[in-house]
Amino acid sequence: PLLIGFLGAPTTNSQPPAKNLRMFLMKLHDPEKRIDVTVRSPKCKVPCQKHQPEYYQQYKSILLRSKFQLVPRGQGLHSHRLLESIASGSVPIILADNIVLPFNDLIPWEKAVIIVKEKNWNKVPKIALTHLSKVHEMQCAGLAIYRNFFLRPYGTINLSFRILQRNIRRNSKFQGESALNMEPLLLPWEVGKPVPKKPSFCTSSVSAQDIEMRVQKLNMET
């Protein structure tokens, strides 16, 4: 039901213009255009260590009801909203100049996210409208990325070490045992534990299928 959503607190430690970015974004709030952007007053000193239970319900509701989710920088360039958005089927609109997305040499983020310069914050509604025809594919790409790269056994720490191991072995100066078997970058789903299902919503998605094929190829190369 929402075109764009955001619920969060103001940031305090960032430098201008990022320090005021969330306050600028609040000007986008427009119920008639289905844009719900709320920068709430902090109930405790930012960053709050504990929120009221109803805040989490509101936060979850915004994630699940929004086609696009604003993902502005927080105290740093990265925000937990990136993964929360793709896990919820909401397309992230990232406003964090110079951000480097995780595992960007493996993950085709361009299929799932929109990156907007912070100075162009006021153009976000127009940008969202131009991507409306791509929403389904971008949602499914995000869900496939989350499922394949962030829900795997041992998570991102394991993937980081696997990449490091692969890079060392591929280095021309590596003098170790080249015959040693390496585990794949993305470990198989654990036997006896439920495997996260592919959403039926994305059965016909070309983007989701492409990411699944990338994952298979990636592990075959390893």
Side-chain angles (χ1 to χ4, degrees), residues 1-5 34 60 62-71 78-96 99-116 124 126-167 170 181-222:
L2 294 178
L3 177 66
I4 301 171
R34 298 182 297 128
K60 181 179 178 181
I62 288 287
L63 282 171
L64 292 172
R65 292 188 296 120
S66 305
K67 284 184 173 66
F68 299 94
Q69 188 73 205
L70 294 180
V71 183
H78 280 273
S79 169
H80 52 80
R81 275 184 181 79
L82 173 60
L83 294 188
E84 290 172 343
S85 296
I86 61 174
S88 304
S90 187
V91 178
I93 298 179
I94 301 172
L95 296 108
I99 190 172
V100 177
L101 296 177
F103 310 116
N104 63 346
D105 56 335
L106 301 178
I107 298 176
W109 286 109
E110 71 280 359
K111 293 180 178 291
V113 307
I114 301 168
I115 298 179
V116 177
V124 164
K126 183 177 179 180
I127 293 171
L129 289 173
T130 61
H131 284 78
L132 270 180
S133 62
K134 305 176 184 177
V135 165
H136 179 260
E137 285 296 316
M138 296 187 77
Q139 287 173 317
C140 291
L143 289 165
I145 288 170
Y146 185 70
R147 178 180 183 274
N148 282 292
F149 291 93
F150 296 97
L151 287 183
R152 291 276 174 168
Y154 307 106
T156 54
I157 294 297
N158 177 78
L159 178 54
S160 299
F161 278 112
R162 293 284 175 238
I163 292 172
L164 178 61
Q165 183 185 48
R166 183 186 67 171
N167 292 346
R170 287 181 174 180
N181 292 325
M182 284 180 60
E183 292 185 8
L185 288 182
L186 297 167
L187 293 181
W189 302 111
E190 295 178 278
V191 177
K193 292 189 176 181
V195 176
K197 294 181 180 180
K198 300 177 185 179
S200 57
F201 172 76
C202 297
T203 301
S204 60
S205 169
V206 175
S207 296
Q209 293 171 12
D210 177 65
I211 291 167
E212 297 284 348
M213 291 176 64
R214 284 171 181 253
V215 168
Q216 294 176 18
K217 183 179 179 181
L218 183 65
N219 284 336
M220 286 175 65
E221 289 176 354
T222 306

Self-check item: Point-to-point distance, once rounded to the nearest 0.5 Å, from CG of L83 to CZ of F150
Solution: 5.0 Å
Quiz prompt | Residues that E110 engages under salt bridge (Lys or Arg N to Asp or Glu O under 4.0 Å), provided they are two or more places apart | solution = none
Quiz item: Nearest 0.5 Å, what's the CZ-CZ distance between R162 and R152?
Solution: 13.0 Å
Exercise. Please round to the nearest 0.5 Å and tell me the distance separating atom CD1 of I163 and atom CZ of F103.
Key: 5.0 Å
Donor-acceptor contacts under 3.5 Å from residues 137-146 side chains, at least two apart:
residue, atom, partner, partner atom, Å
E137, OE1, S205, OG, 3.1
E137, OE1, V206, N, 3.3
E137, OE1, S207, N, 2.7
E137, OE1, S207, OG, 2.8
E137, OE2, V206, N, 3.4
Q139, NE2, G89, O, 3.0

Self-check item: Reference residue L70; test side chain to side chain contact (heavy atoms under 4.5 Å, CB included); the match among V116, I94, L95
Solution: L95
Quiz item: Would you say N148 and Q216 make side-chain contact, with heavy atoms under 4.5 Å?
Solution: no
Quiz item: Is any side-chain heavy atom of W109 closer than 4.5 Å to a side-chain heavy atom of L82?
Solution: yes
Practice problem: Find out whether E84 and Q69 are in side-chain contact, i.e. whether some heavy atom of one side chain is under 4.5 Å from a heavy atom of the other. | Solution: no
Self-check item: CG on L106 to CD1 on I211, rounded to 0.5 Å
Solution: 12.5 Å
Quiz item: To the nearest 0.5 Å, how far apart are CZ in R81 and CD1 in I62?
Solution: 10.0 Å
Quiz item: Counting only heavy atoms not in Y154, do more than 12 sit closer than 6.0 Å to its OH atom?
Solution: no
Practice problem: Evaluate the side-chain proximity of I127 to I93: yes if any heavy-atom separation is below 4.5 Å, no if none is. | Solution: no
Quiz item: What distance do S66 atom OG and I4 atom CD1 have between them, rounded to the nearest 0.5 Å?
Solution: 9.0 Å
